[in-house]
**Q** 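Let me begin by handing over the structure; questions about it come next.
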Amino acid sequence: MEGDTLTLRNVLLDEKIVNVDICDAKIKQVAVSEEQSGTSVEQDGVSLFSFPSLLSVFPGLCNMHSHAPMTLFRGLGDDQPLDVWLNSYIWPAEQKLTDELVYKGTLQACHEMLASGTTAFNDMYFRLPAMAQAVRDSGIRAMLGFNIFGDGDKLECVNTLMCDCEGVRFSIAPHSIYTVSEKGLRRCADVCASLHLPMHIHMSETQKEVDNCLHEHGCRPWEYLDRLGILDLLGDNIIAAHCLHLSENEIKLIGDHRITCVHCPNSNLKLGSGYRFPMLELLDAGARVTLGTDGSASSNNLDMIEVMKTAALLQKGWRGDPTVVPAQKILSLATLGHSIAAGQPACLFLAEVKSLSDLIYASHGDSVAVTLVDGKITHSRTSSKATTP
Ligand SMILES: [Zn+2]
């Protein structure tokens, strides 16, 4: 089977030239190379691709918040506030979607992600069987979130839907506290608890969301989820996109429950939602911090290399401190701590850069030449760019 035994010959890893042997979807061995020639990818000793220069190897990037089919809406309603953008542009357009369109939009997203070094994504949308088909066809890893609005009546079909999404991981995705009722949120949490599924939700994205929650419920968004018992019920099985506007008490709640927060800096900046993501405070409190693009209608690409740069620069900028969130830290957030080492899953990419610093601060997704998911080649670009001096 293709991809069962591969060797990445002469690749740069932490400024050393190494060979990486891959077998049965895992990295089998990483050994220092004695050769000086360019990088090649070999299968059973036969060269599949070769490059005149040395490429660097990095663990695959995990896009922890996306709406993959929204590649179809790229450029729609640019430069509008979040509520206008959703109500006047995105939600009306989504009414016209079909399974075929969702399949095509998702496949486009999967190819764009693979081509820019992303090997897994965590999504939230609807028409999940069509999305699951695109995920399987592309070879990427994914967790698809079943988007829930209102009272959550759609949850009745969750078991059937999961059967139709074989081969992908599944989560329950109440859209947000302002589009799902209290009853709907409780029902989502109960289904997550009984089926051992993660909950994926947008939280604390705008100041308006916080103000409305204070007005309607007399408390802030995370205090509201806590009051409903959802934090104690699900704890670290909650993945929350954005988490921009948080009080000290909310950061403590998130940390105590070891919740996963997904920072989507490009989307937040473009929608004017804010930029002071409390990354260090959340990490100190015990939360898990990850990165995402959000949908291509708000980001407007799925380039996680660009996201790493924006996230790092924002922290340095608003804190007035260039030493915070160095390149290695931002890579670990974007890869969920994975590394290039024996025993790790062979989800990785080769990029035409000389170092991690070059990857994060000096390049974009188009520097990616080869991407592997579970030891299989899912993207390759054989024409090599000119080597940087
Ligand atoms: Zn989103």
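Counting convention: from 1, in listed order, for ligands and their atoms alike. Only heavy atoms go into these numbers, but all of them, side chains included; no hydrogens, no water, no symmetry mates.
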**Q** Is the distance between the ring centroids of His65 and His263 under 6.0 Å?
**A** no
**Q** Measuring centre to centre across the rings, with the benzene-like ring taken for any Trp, is His175 within less than 6.0 Å of His200?
**A** no
**Q** Inside 2.8 Å of the Zn ion (ligand 1) but strictly below it, how many protein N/O/S atoms are present?
**A** 4
**Q** Please list, chain by chain and in numerical order, all residues satisfying salt bridge (charged side-chain N to carboxylate O under 4.0 Å, His left out) with Lys270, sequence neighbours excluded.
**A** Asp78
**Q** Tell me, with the steps shown, if Lys252 and Asp256 meet salt bridge (Lys or Arg N to Asp or Glu O under 4.0 Å).
**A** CA-CA 6 Å; Lys252 187 172 184 319; Asp256 286 350; 2.8 Å; yes
**Q** Verify whether one side chain among Asp232 and His257 offers a donor that lies under 3.5 Å from an acceptor in the other.
**A**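 Judged by distance alone, the side chains do pair up.
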**Q** Does a donor on one side chain and an acceptor on the other come within less than 3.5 Å for Trp85 and Ser298?
**A**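 No, because no side-chain N or O of Trp85 sits under 3.5 Å from a partner of the opposite role on Ser298.
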